[in-house]
Amino acid sequence: MKVVLRSVLLLPKQPFLRSATVSVLGSSPVCKPEFPRSAASTSTVSGSKVKVSEIEQTQLGFLNSSKINLPLRLKASRDGVGLVQETIQTKENTPMSINKPDDSFREMRNRFLRFKKEKYLVNLECYKELAQAQAPKFLVISCADSRVCPSYILGFQPGEAFIIRNVANFVPPFENGPCETNAALEFSVNDLQVENILVTGHSCCGGIRALMSMDDEEKSSSFIKNWIKVGKAAKSTTKATASNLSFDQQCKHCEKESINNSLMNLLTYPWVKERVAKGLLSLHGGYYDFVDCTYEKWTLDYLKNIQKQETGGYAIKNREFWS
């Protein structure tokens, strides 16, 4: 049991002596005074200066003596110095200490060790090959939303998909200049030479909802607001074709429209358009509805899309609905 004594031992009214922690281990108490340990530190008591180090040595010499087996007795003086004793809770009742591991990371550790045992070691040769190089066939551009992890939903295994995640799964047009998304796009297309790009959106997207709620002329220093302006064209199309729908329905419409807008933006990158034209790269859209767990997939029809570019439209093919 630990007892915290918040009184001054032997010397009343000393401001520099804060507390002393006494732990009874067997029959020998151990005292750990909490005051400055600098030998140069001094304090004035009744007009005279007392060195802190001398007091510390005196108290430790008294309390650490192996001959002391009597209960610790302290007397408060009549000058108003009271004795306050607090009994620290037992270990079972002690609140979480600073050193207690976070439960989330404990679970994360368990998951990692389970992965290592059940997947990594079982497929060791595969992971050794991946350690040397990667050759994914897919580039997946997905939302950063925690509910829509593409590897978890679509079952991608390590090495199968190069994944970019950002707010609202946007692809900015080439003329917008460099950013983290198109840097990863450039690497995956030119260096990894992926064969498919899948832009996948999802239901109840907060980024799309913010886009639909934002004033188009609003000027802001917000990173989020400036980023979601990338989807401005999808918002305009939604307002033009679905203005009779409720706001929630307009948002859902825009969630899908923004995917096609990102597919069209992909074609503004010369090295993407070149590989698509040669048949070396295909562009796909996907929409995950986590409310009823369905997935809709389609492919951009590049040849027909060329004819529609002048009118601002797009052509899609191979639409599938997975439920």
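Computed from a predicted model, the values in this text were never measured in an experiment.
For the atom pair CD of Glu107 and CZ of Phe112, the computed distance is 14.0 Å after rounding to the nearest 0.5 Å. Here Leu185 contributes atom CG and Leu266 contributes atom CG; the two are 6.0 Å apart, rounded to the nearest 0.5 Å. Note: Ile141 CD1 to Asn166 CG = 7.5 Å, rounded to the nearest 0.5 Å. Atoms CD and CZ, from Glu118 and Arg111 in turn, are 13.0 Å apart once rounded to the nearest 0.5 Å.
A donor-acceptor contact shorter than 3.5 Å is absent between the side chain of Ser203 and the backbone of Asp289. Side-chain N or O atoms of Asn305 include none that pairs as donor or acceptor with a backbone N or O of Ile316 at under 3.5 Å. No donor-acceptor pair closer than 3.5 Å links the side chain of Arg165 to the backbone N or O of Val140. The closest donor-acceptor contact from the side chain of Ser258 to the backbone of Glu255 lies under 3.5 Å. Using modelled atom types, no side-chain atom of Glu195 and backbone atom of Gln193 make a donor-acceptor pair closer than 3.5 Å. At distances below 3.5 Å, not a single donor-acceptor pair connects side-chain atoms of Asp301 with backbone N or O atoms of Lys317. Thr268 contributes no side-chain N or O that, together with a main-chain N or O of Met264, makes up a donor-acceptor pair within less than 3.5 Å. No donor-acceptor pair closer than 3.5 Å links the side chain of Asn260 to the backbone N or O of Glu257.
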With side chain to side chain contact (heavy atoms under 4.5 Å, CB included) as the criterion, how do His253 and Thr241 come out once you've worked through the C-alpha distance, each side chain's angles and the decisive distance to 0.1 Å?
CA-CA 9 Å; His253 186 281; Thr241 59; 3.5 Å; yes

_Using the rule given for side chain to side chain contact (heavy atoms under 4.5 Å, CB included), can you reason through Ile163 versus Ser151, listing the C-alpha separation, both sets of side-chain angles and the distance that settles it, and then say yes or no?_
CA-CA 9 Å; Ile163 297 176; Ser151 293; 3.3 Å; yes

Checklist entry - Can you list the steps and then say if Glu274 with Leu281 is a side chain to side chain contact (heavy atoms under 4.5 Å, CB included)? => result CA-CA 9 Å; Glu274 179 183 359; Leu281 178 64; over 6 Å; no

Subject >> side chain to side chain contact (heavy atoms under 4.5 Å, CB included) between Lys229 and Asn226, intermediate numbers included >> reply: CA-CA 6 Å; Lys229 286 180 181 179; Asn226 281 297; 3.7 Å; yes

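Ser188 and Leu139 make their closest contact through OG-CD2, 3.3 Å (heavy atoms, listed as atom of the first residue, atom of the second, distance). Of all the heavy atoms in Lys119 and Tyr127, the pair that sits closest is O-CE1, 3.7 Å. Between Met212 and Phe247, the closest heavy-atom pair is CB-CE1, 3.8 Å. Between Cys204 and Phe290, the closest heavy-atom pair is CB-CZ, 3.8 Å. Closest non-hydrogen pair, Arg147 versus Tyr288, comes out as O-CE2, 4.0 Å. The two residues Val148 and Ser142 make their nearest non-hydrogen contact at O-OG, 3.6 Å.
Side-chain atoms of Leu283 and Leu267, non-hydrogen and from C-beta on, do get closer than 4.5 Å to each other. Between Leu211 and Cys254, the closest side-chain pair of non-hydrogen atoms falls below 4.5 Å. In this structure, Asn261 and Thr237 have side chains that are not in contact, with every pair of non-hydrogen atoms separated by 4.5 Å or more. For the pair Thr200 and Asn169, the minimum side-chain heavy-atom distance is 4.5 Å or more. Contact check for Trp227 versus Thr181: side-chain heavy atoms found under the 4.5 Å cut-off. A 4.5 Å side-chain heavy-atom check between His202 and Cys205 finds at least one atom pair inside the cut-off. Side-chain contact between Cys126 and Leu130 is present, with heavy atoms from C-beta onward closer than 4.5 Å. Side chains of Phe170 and Ile228 form a contact here, defined as non-hydrogen atoms less than 4.5 Å apart.
Under a hydrophobic-cluster definition in which Ile, Leu, Val, Met, Phe, Trp and Tyr are linked whenever side-chain heavy atoms come within less than 4.5 Å, directly or via other members, Leu192 and Leu280 are assigned to different clusters. Linking Ile, Leu, Val, Met, Phe, Trp and Tyr whenever their side-chain heavy atoms come within less than 4.5 Å leaves Phe115 and Val122 in two separate clusters. Following chains of ILVMFWY side-chain contacts shorter than 4.5 Å, one can reach Tyr302 starting from Trp271, so the two form part of one hydrophobic cluster. Hydrophobic cluster membership differs between Trp322 and Tyr287, with clusters built from Ile, Leu, Val, Met, Phe, Trp and Tyr side chains linked at under 4.5 angstrom. Cluster annotation: Leu300 and Val194 are assigned to the same hydrophobic cluster (Ile/Leu/Val/Met/Phe/Trp/Tyr, side-chain heavy-atom contacts under 4.5 Å, transitive).
Counting non-hydrogen atoms of other residues, nucleotides and ligands closer than 6.0 Å to CG of Leu154 gives a total above 12. In the displayed structure, Glu180 atom CD is contacted under 6.0 Å by at most 12 heavy atoms of other residues, nucleotides or ligands. By the neighbour-count criterion of 12 heavy atoms within 6.0 Å, atom CZ of Phe223 is sparsely surrounded, having that number or fewer from other residues, nucleotides or ligands.
Checked against side-chain contact (heavy atoms from CB on, under 4.5 Å), Lys232 has the following partners two or more places apart in sequence or in another chain: Asp216.
Donor-acceptor pairing under 3.5 Å is lacking for the side chains of Glu296 and Trp298.
Shown are Phe156, Phe187, Phe138; of these, the ring-ring contact (aromatic ring centres under 6.0 Å, His included) with Phe162 is made only by Phe187.
With respect to the salt-bridge test (charged N to carboxylate O, under 4.0 angstrom), the residues Asp248 and Arg209 qualify.
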